[in-house]
Amino acid sequence: MFERWSLKFPITLGVVLIVLLVLLTIGWIMLTISSALGGWQHPAMFWTMLALGTSFLVTVLVGVVMYLTLTVRTINLNQRQTNFIDAVTHELKSPIASLKLYLQTLTRQTVSDEERSAFHQYMMEDVQRLDQLINHLLAAARLERYEQVSRTEVVDLNELLGTLAEDVAEQYHVAPGTVRLELQPCSIQAVSDEAVILFRNIIDNAVKYAGDPPQVAIRLYRDTRNRVVIQVEDNGRGIPAALRRHVFGRFVRVGDELVRDRPGTGLGLYLVRTIAQRWRATVRIRDPMGWRQGTMFEVVLPATMVVESRTQSAVQHSDASR
Ligand code: ADP
């Protein structure tokens, strides 16, 4: 699950640096002794030593910079892992605590039929939250091992985006019409589970981080190069430009874990990026078109993924034959 650094690289780098430092020290001692004894007999020898010494020194400097970069990365990762553990603990504890409370109430007290069905609904939501968290963790582990989840199939994007929008709107109890759809018929060849993970995470974030009142738009169109462009935008607080590249990293969440008001683990966009890379698709964050503030996630799928429907290919064929 956690970033698995290969130990080979830092160990090799360390050994090379030590060897270079020893050679540099020997060279320096030889230079000092020879100048004390009256200088070099062959000037060529002196220049060779100097050139060797300088290149060793430059290599040592480069190695030190690489070590520093590795150290900073490791410290950052440690910090993110701590945040991730805090987030997962919170995500596990709160639905379990809520489930426990409802079950205790149902067993110890007499409740009306209305209350009972409301409790069942809340308990279902808690179970779904746990299910989603576990699915995220499993998907991340599977994708990391480069396991193909299953075979590719024809995925109706239009239908998938519509269903996901409905599910997410229901999950966050947003008013009808909050998620606006501007779609075109489009099918792609992809692993269906991967498509669900990719688009569900983006749509889920859009609704979760949307403003008050929440507004989300999902657009799908084909660009001039026949690629499929999917844009999901919201009217939330947005992601600062400097952080836009970083939020795709593993366990990255903007802000401090202790003061964060939305649930999450920082794995969603990592999954989005990993799947997009597998598909040779691009995903980037832009400013929204519909609102003054917010976020737009734009996914561009390569034309090779598109499955032309019979009617579409017939139209293209008749266009070409004209
Ligand atoms: P999380 O589980 O925290 O939502 P993600 O990997 O999905 O994790 O997102 C990483 C971070 O990027 C989030 O914690 C959030 O700070 C930021 N983010 C993602 N999507 C949006 C959005 N639509 N609007 C504002 N911030 C967002």
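Residue numbers run from 1 in the order of the sequence given. Indexing begins at 1, ligand by ligand and atom by atom, following the structure's order.
Counting only N and O atoms by type, the side chains of Glu91 and His136 include no donor and acceptor under 3.5 Å apart. Between the side chains of Gln132 and Gln128, not a single donor N or O lies within less than 3.5 Å of an accepting N or O. Under 3.5 Å, the side chains of Gln215 and Trp291 contain a donor-acceptor pair of N or O atoms. Tyr102 and Asp126 are not linked by any side-chain donor-acceptor pair at a separation below 3.5 angstrom, with hydrogens and angles left out of the test.
Here is the list of ligand 1 atoms found below 4.0 Å of a heavy atom in Lys208: 1 (P), 2 (O), 4 (O). In summary, the atoms of ligand 1 found under 4.0 Å from a heavy atom of Gly268, numbered by their order in the structure, are 5 (P), 6 (O), 7 (O). Within ligand 1, the atoms closer than 4.0 Å to a non-hydrogen atom of Asp234 are 22 (C), 23 (N), numbered from 1 in the order shown. Proximity to Val254 (heavy-atom distance under 4.0 Å) selects the following atoms of ligand 1: 14 (O), 16 (O). For ligand 1, the atoms closer than 4.0 angstrom to any heavy atom of Phe297 are 20 (N), 23 (N).
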Take Glu233 and Arg286, measure what salt bridge (charged side-chain N to carboxylate O under 4.0 Å, His left out) needs, and give me the verdict at the end. CA-CA 9 Å; Glu233 61 178 5; Arg286 299 176 54 187; over 6 Å; no
Verdict with supporting geometry, Glu308 and Arg222, salt bridge (charged side-chain N to carboxylate O under 4.0 Å, His left out): CA-CA 12 Å; Glu308 300 293 352; Arg222 304 275 286 273; 2.9 Å; yes
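Counting heavy atoms closer than 4.0 Å to ligand 1, residue Val252 contributes backbone atoms (N, CA, C, O) but none from C-beta onward. Only side-chain heavy atoms of Ile239 come within less than 4.0 Å of ligand 1; its backbone N, CA, C and O stay farther off. Using a 4.0 Å cut-off between heavy atoms, Arg237 makes no contact with ligand 1 at all. Residue contacts with ligand 1 for Val272 are absent, since no atom lies close enough (heavy atoms, distance under 4.0 Å). Only the side chain of Thr295 comes within contact range of ligand 1, with a heavy atom under 4.0 Å; no backbone atom does.
Residue-to-ligand polar distances place Leu269 within reach of ligand 1: an N/O pair is separated by less than 3.5 Å. At under 3.5 Å, a nitrogen or oxygen of Gly266, whether backbone or side chain, sits near a nitrogen or oxygen of ligand 1. Taking distance alone, with nitrogen or oxygen atoms compared against 3.5 Å, Gly238 stays at or beyond that limit from ligand 1. When only interatomic distances are considered, the shortest N/O to N/O separation between Tyr270 and ligand 1 does not fall below 3.5 Å.
Checked by atom type and distance alone, the side chain of Tyr122 never pairs as donor or acceptor with a backbone atom of Ser117 at under 3.5 Å. A side-chain donor-acceptor contact under 3.5 Å links Asn235 to the backbone of Pro213.
A cation-pi contact, defined as under 6.0 Å to the ring centre and within 45° of the axis, links Arg250 to Tyr270.
Between Phe251, Phe248, Tyr209, Phe84, it is Tyr209 that holds the heavy atom closest to atom 13 (C) of ligand 1.
Within the 4.5 Å cutoff, the side chain of Leu143 has heavy atoms near those of the Arg278 side chain.
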